[in-house]
Amino acid sequence: MPADFNGTWNFMNSDNFEGYMLALGIDFATRKIAKMLKPQKVIKQEGDSFSIHTTSTFRSYFVQFKIGEEFEEDNKGLDHRKCKSVVTWDNDKLVCVQTGDKKNRGWTHWIEGDELYLELRCEDQVCKQVYKRA
Ligand code: ECB
């Protein structure tokens, strides 16, 4: 049985979001606003199909995918760079590799108790975020 990510998750804290945004080339004004946000994630998981809705007062982002199936990601409202993404299981962790202009781009999600963890990677930067079950 894989981990169950279903649910609504509220942002608690983050580490090095600034470094991650700099690696993506996000401009100063956008970074200032973005780092104040407390996004909410709604994750729907049905077998190998997932959707992740990340919403905030400033911008929101939606992605859906099936485990192991490559898809085009547009990163609309984020850095807008297109990439080819694929998400796989690494034991109970969800691992996304985002292949495109940026090296070493991707993310990993896992659950510990009632907390959802997200590690965002771009080039040499790693941002870690923690969400709590709503
Ligand atoms: C969507 C809420 C954050 C909006 C931040 C606005 C501007 C900053 C622009 C670019 C920064 C790059 C990413 C923002 C960080 C998080 C957004 C979604 C990250 C993500 O890929 O989540 C995955 C895993 O949950 C699903 O898309």
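One-based numbering, in listed order, for ligands and for the atoms of each. What you see is a predicted model; the values in this text were computed from it and never measured.
Asn91 places no side-chain N or O within donor-acceptor distance of the main-chain N or O of Lys93, the cut-off being under 3.5 Å.
Contact of the Arg105 side chain with the Asp79 side chain is registered, since non-hydrogen atoms from C-beta on lie closer than 4.5 Å.
Residue Phe62 is found outside any hydrophobic cluster, as its side-chain heavy atoms come under 4.5 Å of no other Ile, Leu, Val, Met, Phe, Trp or Tyr.
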Without placing hydrogens or testing angles, list every side-chain donor-acceptor pair under 3.5 Å for residues 122-134, not counting sequence neighbours.
from: Gln125; atom 1: OE1; to: Asn16; atom 2: ND2; distance (Å): 2.9
from: Gln129; atom 1: OE1; to: Tyr131; atom 2: OH; distance (Å): 2.8
from: Arg133; atom 1: NH1; to: Asn6; atom 2: O; distance (Å): 3.0

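Among pairs with a residue in residues 23-44, none fulfils ring-ring contact (aromatic ring centres under 6.0 Å, His included), at least two apart in sequence or across chains.
Lys84 and Thr99 form no side-chain donor-acceptor contact under 3.5 Å, judged by distance and modelled atom types alone.
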Put together the list of close N/O pairs, under 3.5 Å, between ligand 1 and the protein, could you?
from: ligand 1; atom 1: 22 (O); to: Lys41; atom 2: NZ; distance (Å): 3.2
from: ligand 1; atom 1: 25 (O); to: Lys41; atom 2: NZ; distance (Å): 2.7
from: ligand 1; atom 1: 25 (O); to: His109; atom 2: NE2; distance (Å): 2.7

